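Each remark here refers to the structure printed beneath this line.
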Amino acid sequence: MVGERITNARRSHGLSIDDVAATTRLRPLTIQAIEDNDFSLCGGDSYAIGHLRMIAEAVGLDSNDLVAEYRRR
């Protein structure tokens with residue numbers, strides 16, 4: 001699932017949620033929710049996709065692949 005992929009990539013790069021928050025300027029609470037596959041804090045699909053793209057870049061994932069997985073859920 002999307003959240004697990006983000007968590008695994010973040011950890012494999014030795015990044016904390018706060019590190020990703022500093023890079024993306026997203027709130028740590030939002031990032032944690034996304035890692036828990038809870039997109040309710042994003043404010044809708046368009047924002048969730050934007051957040052996923054920023055997070056993917058920060059943790060070294062392919063953003064298009066991550067967004068496609070999000071859309072399939």
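Since we're looking at a predicted model, the values are computed, not measured. Numbering starts at 1 and runs along the sequence shown.
- Smallest separation of non-hydrogen atoms from Ile17 and Pro28: CG2-O, 3.7 Å.
- Annotation: salt bridge (Lys or Arg N to Asp or Glu O under 4.0 Å) contacts involving residues 21-50, sequence neighbours excluded, comprise Arg10-Glu35.
- The shortest distance between side-chain heavy atoms of Tyr70 and His51 does not fall below 4.5 Å.
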Which atom pairs, donor and acceptor, lie under 3.5 Å between side-chain atoms of residues 55-64 and protein residues at least two apart or in another chain?
| residue | atom | partner | partner atom | Å |
| --- | --- | --- | --- | --- |
| Asp62 | OD1 | Asn64 | N | 2.9 |
| Asp62 | OD1 | Asp65 | N | 2.7 |
| Ser63 | OG | Arg53 | NH1 | 3.4 |
| Asn64 | OD1 | Arg53 | NH1 | 2.9 |

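- Here the closest non-hydrogen pair linking Phe39 and Ala48 is CD2-CB, 4.2 Å.
- To the nearest 0.5 Å, atoms CD (Gln32) and CG (Leu26) are separated by 13.0 Å.
- Separation of atoms CD1 (Ile49) and CZ (Arg71) is listed at 4.0 Å; rounding is to 0.5 Å.
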Go through Ile6 and Ile31 one step at a time and tell me if the side chain to side chain contact (heavy atoms under 4.5 Å, CB included) criterion holds.
-> CA-CA 9 Å; Ile6 292 169; Ile31 296 167; 5.5 Å; no
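- Residues Met54 and Leu41 fall into different hydrophobic clusters, defined by Ile, Leu, Val, Met, Phe, Trp and Tyr side chains chained together at heavy-atom separations under 4.5 Å.
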After noting the C-alpha distance and the side-chain angles of Glu4 and Asn37, does the key distance pass the side chain to side chain contact (heavy atoms under 4.5 Å, CB included) rule?
-> CA-CA 8 Å; Glu4 287 98 6; Asn37 293 300; 3.6 Å; yes
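- At a threshold of 4.5 Å between side-chain heavy atoms, the hydrophobic network of Ile, Leu, Val, Met, Phe, Trp and Tyr places Ile34 and Val67 in one connected group.
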